[in-house]
Amino acid sequence: ALNASYVIRLTGDCPLVDADLIDKVAHEVQRGSIDYASNIEPPTYPNGLDVEAFTLAALTQAWHEAILPSEREHVTPFLRKQPNRFRHANVTGLADLSALRWTVDYPDDLEYVQSLLATAQVERATGFDRFDLYRAIERNPSLGNQPNHQRNEGYRKSLLSEHPLDTGSNP
């Protein structure tokens, strides 16, 4: 209805997503030679700053052709699994901070994110970025003690339901 050419995928379990990262990932697709871009392959940003962008044409192809429930539920695996068909780009950070967990899937994740925001003195949903959060961790090293959950657990569960003998290889 809106005649969109591009789609940005942000998930509800990532409340700290950074506007600058959205712009960087979107720019990769808007340049015109990329069908799918993200900052997750490989991840270098904290888990919870995940951004994906893709063309509407690529999404439409995935909608028509994806068969596996995991490819339909999680939207982009169909695109990611076919780099020869869909042109990819990845936005990486200057340092690998992918061990940090800023996503909210469990109650302890929520407690952690609330502590992080309090330490960063964030009072509103806007007006801060990832650098404010990095500085908060530098000021309070105890924030390095994060919830211990595996990245992309939901996707792995979907894969295991399709392939019960799979050992959970990296998606």
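Values in this document were obtained by computation on a predicted structure and should not be read as measured data.
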Is there a side-chain contact between [X] and [Y] (heavy atoms, below 4.5 Å)?
X	Y	value
I137	L100	yes
E65	R85	yes
T55	F86	no
D35	L79	no
W63	L59	no
I22	V17	yes
L97	Y134	yes
R130	L21	yes

Requested in this report: Count the heavy atoms belonging to other residues, nucleotides or ligands that lie under 6.0 Å from CZ of R124, then report whether that count exceeds 12.
Outcome: no
Counting distance only, does the side-chain N/O of [X] pair as donor-acceptor with the main-chain N or O of [Y] below 3.5 Å?
X	Y	answer
D109	Y106	yes
N39	L49	yes
D129	D132	yes
Y112	L143	yes

Spacing of [X] atom [atom1] and [Y] atom [atom2] [to the nearest 0.5 Å]:
X	Y	atom1	atom2	answer
E138	F131	CD	CZ	11.5 Å
W102	L117	CH2	CG	9.5 Å
L110	D13	CG	CG	12.0 Å
L116	R101	CG	CZ	13.5 Å

Report task. Report the C-alpha distance between S5 and L56 in whole Å, list the side-chain angles of each, state the deciding distance to 0.1 Å, and finish with yes or no for side chain to side chain contact (heavy atoms under 4.5 Å, CB included). Result -> CA-CA 5 Å; S5 299; L56 184 60; 5.7 Å; no
Query - Candidate list E28, H88, E52, test side chain to side chain donor-acceptor pair (under 3.5 Å), partner Y36, passing option - result: E52
Of the non-hydrogen atoms in [X] and [Y], which two are nearest, and what is the gap between them?
X	Y	result
V91	K24	CG2-O, 3.9 Å
A26	A53	CA-CB, 4.0 Å
D50	N47	OD2-OD1, 3.7 Å

Requested in this report: Dump the intermediate steps for side chain to side chain contact (heavy atoms under 4.5 Å, CB included) on S38 and N90, then the final yes or no.
Outcome: CA-CA 5 Å; S38 73; N90 191 62; 3.4 Å; yes
Query raised in the report: Do L16 and L133 pass the side chain to side chain contact (heavy atoms under 4.5 Å, CB included) test, and can you show the C-alpha distance, the side-chain angles, and the key distance before you say yes or no?
Result: CA-CA 9 Å; L16 303 179; L133 303 176; 3.8 Å; yes
Query raised in the report: F78 and I34: same hydrophobic cluster, using ILVMFWY side-chain contacts below 4.5 Å?
Result: no
Query raised in the report: Linking I/L/V/M/F/W/Y whenever any side-chain heavy atoms sit under 4.5 Å apart, do V25 and I8 land together?
Result: yes
Requested in this report: Could you give me the CA-CA distance, side-chain angles and deciding distance for F54 and V75, then say whether side chain to side chain contact (heavy atoms under 4.5 Å, CB included) is met?
Outcome: CA-CA 11 Å; F54 35 90; V75 183; 4.2 Å; yes
